Engineer: 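Structure incoming, see below.
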Amino acid sequence: MERTKQFGKEVVDLLRHQPHCRMPFSKFIPTYHHHFGRQCKLSYYGFTKLMELLEAIPDILMVLECGEEKVLILTEVERIKALAAQLVKLLRAQKSFSLSVSQLLPEYNKTFGYGLRLQDYDAASLPALLAKLCHVVKVVDGSDGREVQLINRKSLRLLTTQLLALLMSQENHQVTKGMKVEELSQHYLNVHGTQLNPCEYGFLSLSELLKSLPYLVELYFEESDENCEDCSTGGGHGVEWVRLTKLYQFARNVRALLHTYHYNQIFLTEFQGAYSKFTGCGFEPRFYGCVGIDELLSAIPQVVWIKGHGHKRIIVLKNDMKAKPSYSMPNSPQPRENAESLRDSPISSTTSGSQSPGCDADSELLRLTSPVDLLCGPVPSCLPSPQLHPDPVLLQQMDLIDFEKTPPPQLPTEPESVEEAAADGTSDPPEQPGRRDDSPPLCDEKNMLPMDSPGRRVSRCRFKLAANFSFTTGL
């Protein structure tokens with residue numbers, strides 16, 4: 001099957017270089033040999049006759065009988081793709097990347113050596129044909145009349161990451177089957193809030209867009225007897241489904257594993273054991289066509305990358321894959337999301353504190369069940385702030401220049417202050433903002449050791465702080 005698909009791509013490439021994307025059946029073998037430089041071996045594709053091989057790709061090639069001669073021609077979808085590529089080449093060769101509608105047909109004949117026949121594309125007029133190419137060109141009013149211009153395509157890289165994230169967010173039992181193409185478009189609308197328009201990326205339909213990502217996703221048709229309406233919409237082929245390839249189903253598990261690690265990274269030497277423990281089964285790189293783990297991880301560059309050298313190499317999750325989608329299916333592989341969001345969010349701790357003020361510190365510390373969380377996780381909000389705030393002092397009572405020569409003034413004791421207050425007629429003693437009631441007097445500290453004591457000389461300091469610092473716990 002894979003070799004037949006490869007042969008179909010070669011047929012498209014071959015007939016695109018032929019006038020009107022067609023050629024006689026009798027000239028296929030010599031033209032193939034001349035174009036690719038090798039013989040077309042039917043046995044390599046599992047066929048014995050050329051006609052049987054050509055009939056095995058009906059979605060790409062049609063065989064028409066014109067009298068006694070058979071003619072090979074691309075299907076209408078492939079012809080539209082070929083014409084779109086030709087118009088892109090034609091318009092990019094112009095100075096302003098635009099061309100007058102009246103000059104389009106002559107320039108096409110001059111560039112490619114044959115005329116553009118509207119009947120080959122089932123179009124009655126040139127505007128009708130350009131309407132079929134709305135994903136490539138647009139018709140606008142210019143200075144010289146109507147002009148054909150290339151549209152500005154959006155980046156396919158961001159869309160690829162978004163579609164991968166949607167498919168990776170499926171339940172475990174749905175990954176192997178995938179989802180319907182129509183459901184994928186609806187999920188994209190629910191998550192990102194905008195409709196997915198394939199024409200903005202240069203494709204006619206979402207199916208054609210997904211077919212341009214063969215290493216990431218695969219499309220297949222499934223017959224459904226229960227829903228006959230879906231079978232009719234599938235054009236007689238059944239319902240079209242999309243799923244991740246085997247390689248990116250493995251990448252989905254790697255992404256879910258790295259979401260459980262801080263900073264979304266893990267040592268390469270620890271990866272195989274952690275993956276087996278996380279998924280419950282091992283993996284073999286040869287199953288994915290790779291020799292070792294390094295080559296296997298390098299085959300999924302949209303998900304992870306490896307940094308470092310030697311035994312210190314680290315597997316790091318790509319930034320595009322770190323963010324979890326706001327809308328995801330139930331039971332998607334996002335472990336520890338709720339626990340970490342509650343622990344890391346300052347809003348949750350504030351709310352819990354308002355509900356039960358006495359259990360704020362205990363309830364938050366109980367969620368830190370692992371020593372790794374204490375070392376690598378964020379600082380809990382219940383811990384006191386390490387910032388220091390000075391207590392105000394009365395600077396006017398001491399000389400900051402000659403503080404060693406001039407002793408600090410003796411603060412009045414409690415009985416004296418009471419007597420002074422009684423003399424002034426006040427009932428309460430004056431309050432000093434820079435002093436606490438339980439602090440010892442400054443003069444007692446001088447008389448604790450004699451002047452000639454060695455301990456006195458060692459502990460003596462030539463400088464005194466002008467402010468007292470206290471450790472506040474309420475911040």
Side-chain angles (χ1 to χ4, degrees), residues 1-18 20-66 68-82 85 175-178 180-181 203 205 207-225 231 234-251 283-291 295-296 299-300:
M1 180 62 67
E2 295 296 331
R3 294 181 179 181
T4 305
K5 291 182 180 180
Q6 180 63 31
F7 176 74
K9 295 179 181 179
E10 294 176 349
V11 171
V12 171
D13 186 21
L14 178 63
L15 290 181
R16 278 189 177 188
H17 289 79
Q18 305 300 318
H20 310 293
C21 299
R22 64 173 59 198
M23 66 180 301
F25 173 76
S26 58
K27 294 184 178 181
F28 179 81
I29 294 297
T31 306
Y32 183 95
H33 185 197
H34 182 268
H35 185 78
F36 295 103
R38 64 177 186 273
Q39 296 290 339
C40 180
K41 296 182 180 180
L42 302 178
S43 59
Y44 179 78
Y45 305 102
F47 294 89
T48 57
K49 296 182 180 181
L50 178 59
M51 184 57 66
E52 295 177 354
L53 177 58
L54 296 176
E55 291 176 351
I57 49 174
D59 55 334
I60 294 177
L61 187 67
M62 295 187 304
V63 181
L64 305 179
E65 294 186 359
C66 300
E68 297 181 355
E69 187 179 11
K70 296 181 179 180
V71 179
L72 306 179
I73 183 174
L74 293 177
T75 59
E76 183 179 357
V77 175
E78 295 296 333
R79 291 199 303 270
I80 290 292
K81 292 181 182 179
V175 175
T176 55
K177 186 177 181 180
K180 298 178 183 179
V181 176
F203 297 93
S205 62
S207 300
E208 296 296 332
L209 190 152
L210 295 174
K211 288 179 182 178
S212 65
L213 309 171
Y215 299 101
L216 307 180
V217 297
E218 57 184 8
L219 298 174
Y220 68 97
F221 289 93
E222 184 181 72
E223 296 293 341
S224 177
D225 298 333
C231 293
H237 298 285
V239 183
E240 192 172 17
W241 291 69
V242 56
R243 62 187 174 189
L244 294 171
T245 59
K246 295 293 182 180
L247 179 61
Y248 274 84
Q249 290 180 19
F250 164 78
F283 67 95
E284 183 63 35
R286 295 182 181 179
F287 177 75
Y288 305 98
C290 302
V291 178
E295 184 180 353
L296 177 59
I300 51 175

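From a predicted model like this one, the values you see are computed outputs, not experimental measurements.
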Engineer: Side-chain donor-acceptor contacts of residues 72-80 below 3.5 Å, not counting sequence neighbours, with atom names and distances?
Structural biologist:
unit_1, atom_1, unit_2, atom_2, d
Thr75, OG1, Asp59, O, 3.3
Glu76, OE2, Lys132, NZ, 3.4
Arg79, NE, Asp120, O, 3.0
Arg79, NH1, Leu74, O, 2.5
Arg79, NH2, Asp120, O, 2.9

Engineer: Taking the side chain as every heavy atom from C-beta outward, state whether Val12 and Leu61 have any atom pair closer than 4.5 Å.
Structural biologist: no

Engineer: Drop me the distance from Leu216's CG to Leu247's CG, to the nearest 0.5 angstrom.
Structural biologist: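 If I round to the nearest 0.5 Å, the distance is 8.5 Å.
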
Engineer: Looking only at heavy atoms, which two atoms of Ala85 and Arg16 are closest? And how far apart?
Structural biologist: CB-NH1, 4.2 Å

Engineer: Under the criterion side-chain contact (heavy atoms from CB on, under 4.5 Å), which of Ile300, Thr245, Leu244 is the partner of Phe250?
Structural biologist: Ile300

Engineer: Who passes side chain to side chain donor-acceptor pair (under 3.5 Å) against Gln39, sequence neighbours left out?
Structural biologist: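 In terms of side chain to side chain donor-acceptor pair (under 3.5 Å), with neighbours along the sequence ignored, Gln39 is linked to His33.
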
Engineer: With sequence neighbours excluded, what pairs up with Phe47 under the ring-ring contact (aromatic ring centres under 6.0 Å, His included) test?
Structural biologist: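 Phe47 satisfies ring-ring contact (aromatic ring centres under 6.0 Å, His included) with no other residue.
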
Engineer: Report yes if some heavy atom in the side chain of Glu69 is under 4.5 Å from a heavy atom in the side chain of Pro24; otherwise report no.
Structural biologist: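 Counting from C-beta outward, Glu69 and Pro24 do come under 4.5 Å.
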
Engineer: Would you please name every residue forming a side chain to side chain donor-acceptor pair (under 3.5 Å) with Glu218, sequence neighbours left out?
Structural biologist: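 Testing Glu218 for side chain to side chain donor-acceptor pair (under 3.5 Å), a comparison that skips the adjacent residues, returns Arg243.
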
Engineer: Look at atom CD of Glu65 and say whether more than 12 heavy atoms of other residues, nucleotides or ligands are closer to it than 6.0 Å.
Structural biologist: no

Engineer: Rounded to the nearest 0.5 Å, what's the gap from NZ on Lys5 to CD1 on Ile60? Could you check?
Structural biologist: 10.0 Å

Engineer: Taking all atoms of both residues into account, what is the closest heavy-atom pair of Lys27 and Thr31, and its distance?
Structural biologist: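 Scanning both residues completely, I find the closest heavy atoms to be O-OG1, 2.5 Å.
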
Engineer: Check for a donor-acceptor pair, side chain of Arg3 on one end and backbone N or O of Tyr44 on the other, with a separation under 3.5 Å.
Structural biologist: yes

Engineer: Can you see which heavy atom on Pro30 is nearest to which on Ser26, and at what distance?
Structural biologist: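 Minimum heavy-atom separation between Pro30 and Ser26: CD-O, 4.0 Å.
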
Engineer: I'd like to know if the side chain of Tyr45 reaches the main chain of Gln6, judged simply by a donor and an acceptor atom lying under 3.5 Å from each other, with no hydrogens or angles considered.
Structural biologist: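 No: the side chain of Tyr45 does not pair with the backbone of Gln6.
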
Engineer: Please check if the distance between the ring centroids of Tyr32 and Phe36 is under 6.0 Å.
Structural biologist: yes

Engineer: I need the full list of salt bridge (Lys or Arg N to Asp or Glu O under 4.0 Å) pairs touching residues 35-56, with sequence neighbours left out, sorted by first then second residue.
Structural biologist: Glu10-Arg38

Engineer: Who pairs with Ser207 by side-chain contact (heavy atoms from CB on, under 4.5 Å), at least two apart in sequence or on another chain?
Structural biologist: Val181, Ser205, Leu219, Glu240

Engineer: Looking at every non-hydrogen atom in both residues, tell me the closest pair between Leu14 and His35 and how far apart they are.
Structural biologist: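 Leu14 and His35 have their closest heavy atoms at CD1-CB, 3.6 Å.
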
Engineer: Starting at NZ of Lys211, measure out to CZ of Phe203 and round the result to the nearest 0.5 Å.
Structural biologist: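 So the NZ of Lys211 and the CZ of Phe203 are separated by 11.5 Å.
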
Engineer: Determine the interplanar angle of the Phe28 and Phe7 rings, folded into 0 to 90°, and report it as parallel if under 30°, tilted if 30 to 60°, perpendicular if over 60°.
Structural biologist: perpendicular

